[in-house]
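Bear in mind that the values here come from a model prediction, so they are computed numbers and not experimental data. What's counted below: heavy atoms across the whole structure, side chains too, no hydrogens, waters or symmetry copies. In this chain, numbering begins with 1 at the start of the sequence shown.
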Amino acid sequence: MTGQDKTPGLINWTFYLALTFLVVLPLSVLTVRSGAWQQGLLLYAIACFGSAVLVVLSVVLLLLPRFSAWRKAIVLRALPALPGTAILVMLFSGTPVPRIHDITTDTADPPTFSKAPEQRGESANSLEIDEAVIALQQEGYPDLDTLNTDQPFDAAYNRAVQVATELGWEIYHEDRNAGVIEAVDTTAVMGFKDDIVIRLRTNAQGTLVDLRSVSRVGQSDIGANAQRIRTFFEAFQQQG
């Protein structure tokens with residue numbers, strides 16, 4: 001008998017399942033990017049949760065005396081489950097965020113889109129202002145607010161266009177007279193598209209800059225839209 005034959009079937013099946021979940025991870029991403037995002041996310045969730053269960057099972061097996069002779073085999077066969085488990089841990093280890101996908105820096109008077117509906121399609125999330133969402137945002141993201149800059153309007157507008165471009169956003173509408181810029185940002189892994197509107201208005205001190213970022217699909221953005229706004233403001237305030 002070989003060493004492989006002597007290895008208990010439970011340990012071997014841990015490896016087979018772990019390897020399956022590892023293969024499902026990139027397949028689920030490709031499924032999302034193909035447009036079947038709901039099915040893709042379901043596969044992604046199954047792969048991550050399944051991997052985590054296998055890691056827990058492997059830890060239990062390591063602690064059981066009856067499997068002490070195969071501890072090295074247990075560890076090696078659990079390795080393919082680590083990527084999915086790590087993803088799951090990262091998703092749940094951050095600060096809890098509200099289950100919303102429409103974020104703005106001006107909750108009293110959110111910027112509105114003019115060209116985004118043409119880009120988003122009929123099946124996309126609504127762009128209508130939802131007071132319940134506004135309330136959840138105020139509770140979940142109290143740090144988001146209008147950016148006040150002493151830059152004159154034209155300089156601030158040019159800077160906003162520059163920053164959006166540098167961040168990789170695809171600008172599909174510019175109206176300097178109205179002080180509006182509309183763009184779309186595509187997430188790196190899943191390829192989700194989120195629409196952004198930048199609104200600039202003058203005041204006695206300079207220019208007010210507001211953003212609104214809205215996901216095209218899904219109920220929760222896992223904090224992505226809020227982080228996108230923070231990233232824009234941080235870049236905007238750096239010397240161009």
Side-chain angles (χ1 to χ4, degrees), residues 11-58 75-103 113 115-127 164-173 182-197 211-232 235:
I11 298 175
N12 286 330
W13 273 105
T14 298
F15 172 70
Y16 301 146
L17 288 174
L19 195 60
T20 299
F21 291 140
L22 183 63
V23 172
V24 168
L25 279 175
L27 289 178
S28 66
V29 172
L30 292 175
T31 302
V32 171
R33 296 181 74 92
S34 71
W37 64 273
Q38 291 173 312
Q39 295 88 338
L41 286 183
L42 178 60
L43 288 175
Y44 196 73
I46 291 173
C48 291
F49 278 102
S51 296
V53 169
L54 291 178
V55 168
V56 172
L57 174 60
S58 297
V75 172
L76 292 176
R77 284 160 174 74
L79 291 179
L82 294 182
T85 303
I87 292 172
L88 191 67
V89 170
M90 287 188 292
L91 288 174
F92 285 93
S93 62
T95 303
V97 297
R99 188 176 173 78
I100 55 178
H101 58 265
D102 186 348
I103 308 296
F113 294 89
K115 300 298 182 181
E118 303 171 10
Q119 303 284 329
R120 291 167 69 85
E122 296 180 358
S123 62
N125 290 325
S126 173
L127 292 173
T165 302
E166 291 175 349
L167 291 176
W169 302 356
E170 178 186 345
I171 297 175
Y172 53 75
H173 176 61
E182 292 183 50
V184 61
D185 185 26
T186 304
T187 61
V189 177
M190 292 295 187
F192 287 123
K193 293 184 178 295
D194 302 331
D195 290 285
I196 309 107
V197 55
L211 267 71
R212 183 179 170 199
S213 184
V214 187
S215 301
R216 291 187 180 181
V217 297
Q219 294 303 307
S220 175
D221 62 11
I222 321 179
N225 286 299
Q227 185 55 48
R228 179 177 294 113
I229 292 173
R230 295 188 188 104
T231 299
F232 178 90

Exercise for the section: Could you tell me the separation between the OG1 atom of Thr20 and the CG atom of Leu54, rounded to the nearest 0.5 Å? Expected result: 9.5 Å
Problem - Test log, rule side chain to side chain contact (heavy atoms under 4.5 Å, CB included), inputs Leu43 and Leu27 - result: CA-CA 8 Å; Leu43 288 175; Leu27 289 178; 5.7 Å; no
Practice task
Would you check if Val214 and Ile196 make a side-chain contact, meaning some heavy-atom pair closer than 4.5 Å?
Solution key: no
Fill in the blank from the handout: When rounded to the nearest 0.5 Å, the distance separating CD1 of Ile100 from CD1 of Ile103 is 3.5 Å
Practice task
Return yes if some donor-acceptor pair links the side-chain N/O of His101 with the main-chain N/O of Gly218 below 3.5 Å, else return no.
Solution key: yes
Problem - Arg228: salt bridge (charged side-chain N to carboxylate O under 4.0 Å, His left out) partners, not counting sequence neighbours - result: Asp185, Asp194
Exercise for the section: Indicate the ring-plane relationship of Phe92 and Phe49, choosing parallel, tilted or perpendicular according to the 30° and 60° boundaries. Expected result: perpendicular
Handout entry: Validation row: Ile171, Glu182 side chains within 4.5 angstrom (heavy atoms)
Key = no
Exercise for the section: Show your working on side chain to side chain contact (heavy atoms under 4.5 Å, CB included) between Phe113 and His173 and close with a plain yes or no. Expected result: CA-CA 10 Å; Phe113 294 89; His173 176 61; over 6 Å; no
Exercise for the section: Find out whether Tyr44 and Val24 are in side-chain contact, i.e. whether some heavy atom of one side chain is under 4.5 Å from a heavy atom of the other. Expected result: no
Exercise for the section: Using a cut-off of 6.0 Å, state whether more than 12 heavy atoms not belonging to Glu170 lie near its atom CD. Expected result: no
Practice task
Verify, without hydrogens or angle tests, whether Arg33 (side chain) and Ser28 (backbone) share a donor-acceptor contact under 3.5 angstrom.
Solution key: no
Exercise for the section: Report yes if some heavy atom in the side chain of Leu127 is under 4.5 Å from a heavy atom in the side chain of Arg120; otherwise report no. Expected result: yes
Practice task
Any chance you could measure Ile222, atom CD1, to Arg99, atom CZ, to the nearest 0.5 Å?
Solution key: 9.5 Å
Practice task
Determine whether Leu41 and Phe192 make a side-chain contact, defined as any pair of heavy atoms from C-beta on separated by less than 4.5 Å.
Solution key: yes
Exercise for the section: Determine, step by step, whether Thr187 and Lys193 satisfy the side chain to side chain contact (heavy atoms under 4.5 Å, CB included) criterion, reporting the C-alpha distance in whole Å, the side-chain angles of both residues, the deciding distance to 0.1 Å, and the verdict. Expected result: CA-CA 6 Å; Thr187 61; Lys193 293 184 178 295; over 6 Å; no
Practice task
State, yes or no, whether a side-chain contact exists between Asp102 and Asn225 at a heavy-atom distance under 4.5 Å.
Solution key: no
Exercise for the section: State, yes or no, whether a side-chain contact exists between Phe21 and Pro80 at a heavy-atom distance under 4.5 Å. Expected result: no
Problem - Asn125 side-chain N/O to Ser215 backbone N/O, donor-acceptor pair under 3.5 Å - result: yes
Handout entry: Distance (rounded to the nearest 0.5 Å) between Arg230 CZ and Leu211 CG
Key = 12.5 Å
Problem - Shortest non-hydrogen contact between Pro83 and Leu22, atoms and distance - result: CG-CD1, 3.7 Å
Problem - Within-4.5 Å side-chain heavy-atom neighbours: Ser213 and Asp195 - result: no
Practice task
Please check if the side chain of Thr85 supplies one atom and the backbone of Ser51 the other of a donor-acceptor pair under 3.5 Å.
Solution key: yes
Handout entry: Separation of Gln38 CD from Thr31 OG1 (nearest 0.5 Å)
Key = 13.0 Å
Handout entry: Interatomic distance, Leu19 atom CG to Arg77 atom CZ [nearest 0.5 angstrom]
Key = 12.0 Å
Practice task
Write down the atom of Phe232, the atom of Ala164, and the distance for their closest heavy-atom approach.
Solution key: CE1-N, 4.0 Å
Problem - Test side chain to side chain contact (heavy atoms under 4.5 Å, CB included) applied to Val55 and Leu82, step by step - result: CA-CA 7 Å; Val55 168; Leu82 294 182; 4.1 Å; yes
